[in-house]
2 protein chains.
Amino acid sequence: MAKKSLSSGRREESLSQERIIEASIELLDSSGESGLTFRALAERLATGPGAIYWHIDNKTDLLTAACDAIIARTMQESRSGDTAKQSIRAVALGIFDAIDAHPWVGSALTHAPGQLPVVRILERIGQQVRAMGVPADKQWATVSALLNYILGVSGQNAANTHMARTRGLDRANFLGAIANDWSQLDPVEYPFTRSIAGQLPIHDDRLDFVAGIDLILDGL
Amino acid sequence: MAKKSLSSGRREESLSQERIIEASIELLDSSGESGLTFRALAERLATGPGAIYWHIDNKTDLLTAACDAIIARTMQESRSGDTAKQSIRAVALGIFDAIDAHPWVGSALTHAPGQLPVVRILERIGQQVRAMGVPADKQWATVSALLNYILGVSGQNAANTHMARTRGLDRANFLGAIANDWSQLDPVEYPFTRSIAGQLPIHDDRLDFVAGIDLILDGL
DNA sequence: CGGCCAATGGAACGCCGTTCCAGACAATAA
DNA sequence: TTATTGTCTGGAACGGCGTTCCATTGGCCG
């Protein structure tokens with residue numbers, strides 16, 4: 001954290017962590033991860049880069065804070081679920097959808113191990129795993145398996161949409177291009193990849209995601 | 001890929017994709033992800049940045065190629081395993097150890113969806129999942145669950161060692177610092193995280209990693 | 001031998017994150 | 001009221017990055 005702001009609204013329309021983070025999210029959503037620069041941010045906030053540094057220590061912290069804002073909202077919205085399993089599914093799907101809407105959150109989560117946004121998720125899952133009656137000595141392994149799976153899917157999903165954007169394609173066309181690459185691999189060395197290439201562009205990510213969650217939950 | 005090299009060794013000690021990738025790996029291993037720059041690479045190869053661009057299209061491709069070199073070696077070494085399950089475990093552990101030795105591989109894998117290094121892993125796992133007799137319509141979900149879990153752990157592991165390096169700590173001290181943060185969280189909001197904070201620095205990552213693999217395999 | 005062209009390597013371009021610092025402003029003390 | 005203090009601003013500047021450009025090299029072929 002940067003030096004704390006002691007007075008609120010000392011000037012009209014003054015800068016604040018909140019305003020900076022909000023503007024960052026807008027920038028990230030509209031221009032992707034590479035769209036967040038201190039210069040672009042300064043322009044949007046009608047100030048200079050130096051002013052931002054009074055409120056934010058560095059870009060890494062800013063990205064983590066923006067990610068945390070999204071995750072915090074997501075956790076608030078997905079408080080539903082009758083059983084523990086359903087709650088876990090709800091949290092997982094909430095994250096999935098959040099990353100679908102804000103791809104940069106996926107890579108931010110992946111690069112901030114042990115930080116607040118990840119802890120929010122960890123806590124939620126942990127409470128439900130406990131509620132399921134998983135013995136204490138297996139709670140860690142269970143929760144970390146779930147968390148790592150979720151973060152893995154997050155990262156891949158984020159990377160997919162990012163690469164698609166980079167190449168100027170929409171998601172479907174991008175997956176189609178990869179499927180095409182796969183189907184042209186050596187039949188002897190890559191029989192399996194070739195055989196499932198066709199499923200890549202048409203399968204339902206979201207459905208397969210919960211299937212994976214269930215697979216882990218069923219293994220308990 | 002850049003324009004193909006038509007002649008080999010036209011000059012003594014000439015540049016080549018192979019030499020460039022090898023030097024990149026050395027650079028990444030010794031100085032981390034941020035240590036790979038075209039200038040540092042040029043210096044190590046006693047040339048200029050422009051010469052490298054004759055053989056390599058851009059930095060992203062270079063990183064993916066370096067990652068692929070490591071994964072290809074790893075896949076070759078972990079060909080053992082009596083049963084299909086043991087083979088999957090062997091592949092997974094091979095990747096785990098590779099990322100432990102080359103943390104940058106973790107984040108490279110995460111950022112290259114559908115690319116060759118990921119496909120190598122996908123194929124290996126797919127063949128074993130098939131050998132286990134998983135029905136065709138569930139193969140995709142099974143393989144992608146395993147793959148995403150593996151990539152998730154990879155990413156987190158890589159991020160951990162990267163952040164530890166950034167802060168000038170070794171892995172144990174870094175995890176200890178996070179555990180300390182966790183144990184000071186609000187007891188009402190974060191009871192679970194607080195309760196498992198103590199396990200974070202002392203638990204065996206590698207063991208928990210295979211435990212997660214088994215959890216997924218058992219869910220079949 | 002002379003021309004061709006793959007291959008080289010160093011300079012330059014336009015960005016980036018970050019630092020620096022002169023100045024503006026609200027709150028307080030005199 | 002005025003002087004002082006310390007928070008907060010914003011634009012200039014620094015070093016470094018990925019990438020491009022291009023004059024030059026040096027092996028090969030007619």
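Within every chain, numbering begins at 1; the chains are lettered A, B, ... in the order of the sequence lines, protein sequences first and strands thereafter.
Take A:His162 and apply the ring-ring contact (aromatic ring centres under 6.0 Å, His included) test, not counting sequence neighbours, and it matches no residue. For B:Trp140, the ring-ring contact (aromatic ring centres under 6.0 Å, His included) partners two or more places apart in sequence, or in a different chain, are A:His203. Every residue two or more places apart in sequence or in another chain that forms a ring-ring contact (aromatic ring centres under 6.0 Å, His included) with B:Tyr149 is listed here: B:Phe209. The side chain to side chain contact (heavy atoms under 4.5 Å, CB included) test applied to B:Ala72 returns B:Arg120, not counting sequence neighbours. Remark: B:Asp97 engages B:Arg206 in a side chain to side chain contact (heavy atoms under 4.5 Å, CB included) (not counting sequence neighbours). Remark: A:Arg194 engages A:Leu185, A:Pro187 in a side chain to side chain contact (heavy atoms under 4.5 Å, CB included) (not counting sequence neighbours).
Whole-Å rounding puts the A:His55 NE2 to C:dT18 P distance at 16 Å. Rounded to an integer number of Å, the gap from CD1 of A:Ile56 to C1' of D:dC8 is 14 Å. To the nearest angstrom, C1' of C:dC16 lies 15 Å from CG of A:Leu63. A straight line from CG of A:Asp57 to P of C:dT18 spans 10 Å, rounded to a whole angstrom. Rounded to a whole Å, the CG atom of B:Leu45 is 10 Å from the P atom of C:dT8. Residue B:Trp54 contributes atom CH2, which lies 6 Å from atom P of C:dA7 at whole-angstrom precision. B:Leu15 has its CG atom 7 Å from the P atom of C:dG9, to the nearest Å. Rounded to a whole Å, the NZ atom of A:Lys59 is 8 Å from the P atom of C:dC16.
Comparing A:Thr60 and B:Ala46 by the nucleotide of DNA chain C that holds the closest heavy atom to each, the one mapping nearer the 5' end is B:Ala46.
Out of C:dT19, D:dT19, C:dA7, the shortest distance to the side chain of B:Pro49 is found at D:dT19. Considering only the side chain of B:Thr47, C:dG9 comes nearest among D:dC8, C:dG9, D:dG10. Side-chain atoms of A:Asn58 lie closest to C:dT18 of the nucleotides C:dT18, D:dT9, C:dT8.
In the helix from C:dC1-D:dG30 to C:dA30-D:dT1, the end axes, each obtained as the rotation axis mapping the C1' atoms of four pairs onto the next four within a five-pair block, lie 20° apart to the nearest 10 degrees.
Of the possible polar contacts, none joining the B:Ser107 side chain to the B:Pro103 backbone as a donor-acceptor pair under 3.5 Å is found.
Near DNA chain C, meaning a heavy atom under 4.0 Å from it, residues 20-44 of chain B has B:Arg39 in order of number.
The list of ring-ring contact (aromatic ring centres under 6.0 Å, His included) pairs with a residue in residues 168-201 of chain A, not counting sequence neighbours, is empty.
With 3.5 Å as the limit, one finds no donor-acceptor pair spanning the side chains of A:Asn157 and A:Asn160.
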